[in-house]
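Below, chain A is the first sequence line, B the second, and so on; all start at residue 1. For the numbers below, each heavy atom of this structure counts, side chains included, while hydrogens, waters and symmetry mates do not. Owing to the predicted nature of the structure, the values given are computational and were not obtained by experimental measurement.
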2 protein chains.
Amino acid sequence: METWKEFEANELTHSVAHHLLAIQDAGCRYGGWARVSDIARRLAVTRGSVSIMLRSLRNRQLILTDEHRMVRLSPRGERIAQNVIAKKAVLKGFLADVLRVPEPQAEIDSCKIEHLISRDTAERLAQLMRFLGSGDPAVHDIVERFHRTSRECRDANSCPVCTDRCLIEDLAPGAAENGGEQESEAPPAESPEETEG
Amino acid sequence: METWKEFEANELTHSVAHHLLAIQDAGCRYGGWARVSDIARRLAVTRGSVSIMLRSLRNRQLILTDEHRMVRLSPRGERIAQNVIAKKAVLKGFLADVLRVPEPQAEIDSCKIEHLISRDTAERLAQLMRFLGSGDPAVHDIVERFHRTSRECRDANSCPVCTDRCLIEDLAPGAAENGGEQESEAPPAESPEETEG
DNA sequence: AACTCTTGCTTGACATACTAAACAAATACA
DNA sequence: TGTATTTGTTTAGTATGTCAAGCAAGAGTT
């Protein structure tokens, strides 16, 4: 019923996750210490924006600050960053190598959800990757067969994914997202009534 | 470099996606027509909040409005809703049945990312589900073997998931998220300097 | 020393998405 | 018919996360 509100309750927002990664990345050449400008450049946001974000990260004790205004991850921040990196690696590996989602999309998708999946999901996914890559010929053969499998859906009735309706069809271009969503013919002002009267 | 900004460029926010689903759900008994209150109740938000959201959905032509203030999805809104439903079904099926992520978590995770995954990813995932559920004994056997597989990581060196570092370890409780994140001892005011001076 | 550039921070603004409170219109019931 | 409740909307406020613009301190150059 209210599961959907869990989204707001995330410990980590997309923005916070990527700020942590950027701090780690920017600092890696200087013993972990980074400057606001470096972080901003990496994220392609303004220094002001980073400055505000750092205030929040500092209060959450995810970063440490120098007397020279240098910034680095706290041990806790580092754990979180490592966690996000691990999730993304597993996700991207799965999308790219198992599902064979084309490269740029695999990168985008894993980047979008890296901070959202639970430890449970990430771990099981990692175990699946380990299982599939274990070198067992039978496993390898099955994966090969999957990759050779036809991409078309022929028999919606015998399909284990669909029930009364073909779910794969609902994912198709005609069905929203990029297909119908994007060319939204310039919507009018937010409150047409008000501009009218 | 700036892949992370794709997150903001989503056609569908989590909130919009769930408002569309709620409208469809609330209206299903009345020929698709729903009332603001019904939608609000389903989402556990205020009527005011729904009212504002509907204004935006109306301008994006995702809903239609009655002279009696009844609301329903437009054909476009319906396509998008169906799309989200399909993505979630595929995702949850994968998490619950293949990965065997415990039920509530599978529900939460699929709810969080249903609107974020690309058509590419959703389709390939659906194809994987179809392949795994095709009834082929060899495939079935491999899935069975995966489910019986030990959950521990013993040999980080031969592990196909990890490189120099065990990624699965980075996902473990000690490493952030629920482990270190949540019991954040009441952070001080946002700007300690200011309250101090 | 004077000038310029870079840097970090602050401010005001915007967009999203929520709340609570107040209100008017519609509905329900007595 | 009159009162009470429900309903939809609006407004002001909160929180996050961004931008642009401006300011002040430090660094580099001449």
Bend angle of the helix from C/dA1-D/dT30 to C/dA30-D/dT1, from helix axes over five pairs at each end, nearest 10°: 0°
Closest contact, heavy atoms only, A/L171 versus B/N83: CA-ND2, 3.8 Å
Euclidean distance, A/F131 CZ relative to B/T149 OG1, rounded to 0.5 Å: 4.5 Å
Phosphate contact (D/dC19 OP1 or OP2) by A/S49 side-chain N/O below 4.0 Å: yes
B/I52 CD1 to D/dT11 C1', straight-line distance once rounded to whole Å: 9 Å
A/R47 (side chain) and C/dG8 (base): donor-acceptor pair under 3.5 Å: yes
Nearest-nucleotide comparison on DNA chain D, the residue closer to the 5′ end among A/R69 and A/T46: A/T46
Mutual orientation of the aromatic rings belonging to A/W4 and B/H14 [parallel < 30°, tilted 30-60°, perpendicular > 60°]: parallel
Interatomic distance, A/I39 CD1 vs C/dT7 P [rounded to whole Å]: 13 Å
Rounded distance (Å) that lies between atom P of C/dG8 and atom CD1 of A/I63: 12 Å
Exercise: identify the closest heavy-atom pair between A/W33 and A/L64: CZ3-O, 3.9 Å
Which residue lies more 5' along DNA chain C, comparing B/S15 with A/S51 via nearest heavy atoms: A/S51
Length of the line joining B/M70:CE and C/dA26:P, which is rounded to integer Å: 15 Å
Closest non-hydrogen atom pair, B/L95 against B/A106: CD1-O, 3.8 Å
Ion pair A/D38/A/R41, N-O distance below 4.0 Å: yes
side-chain N/O A/R35 vs C/dT7 OP1/OP2, d < 4.0 Å: yes
Rounded distance (Å) that lies between atom P of D/dC19 and atom CE of A/M53: 11 Å
Sugar-phosphate only, base, or nothing, as touched by A/H68 at under 4.0 Å among non-hydrogen atoms: nothing
Interatomic distance, A/L54 CG vs D/dT16 P [rounded to whole Å]: 15 Å
Touch class at under 4.0 angstrom, heavy-atom based, for B/A40 against every strand present: nothing
Heavy-atom pair with the smallest gap, counting every atom of A/S110 and A/K92: OG-CB, 3.7 Å
Whichever of A/S37 and A/K5 has its nearest DNA chain C nucleotide further upstream toward 5': A/S37
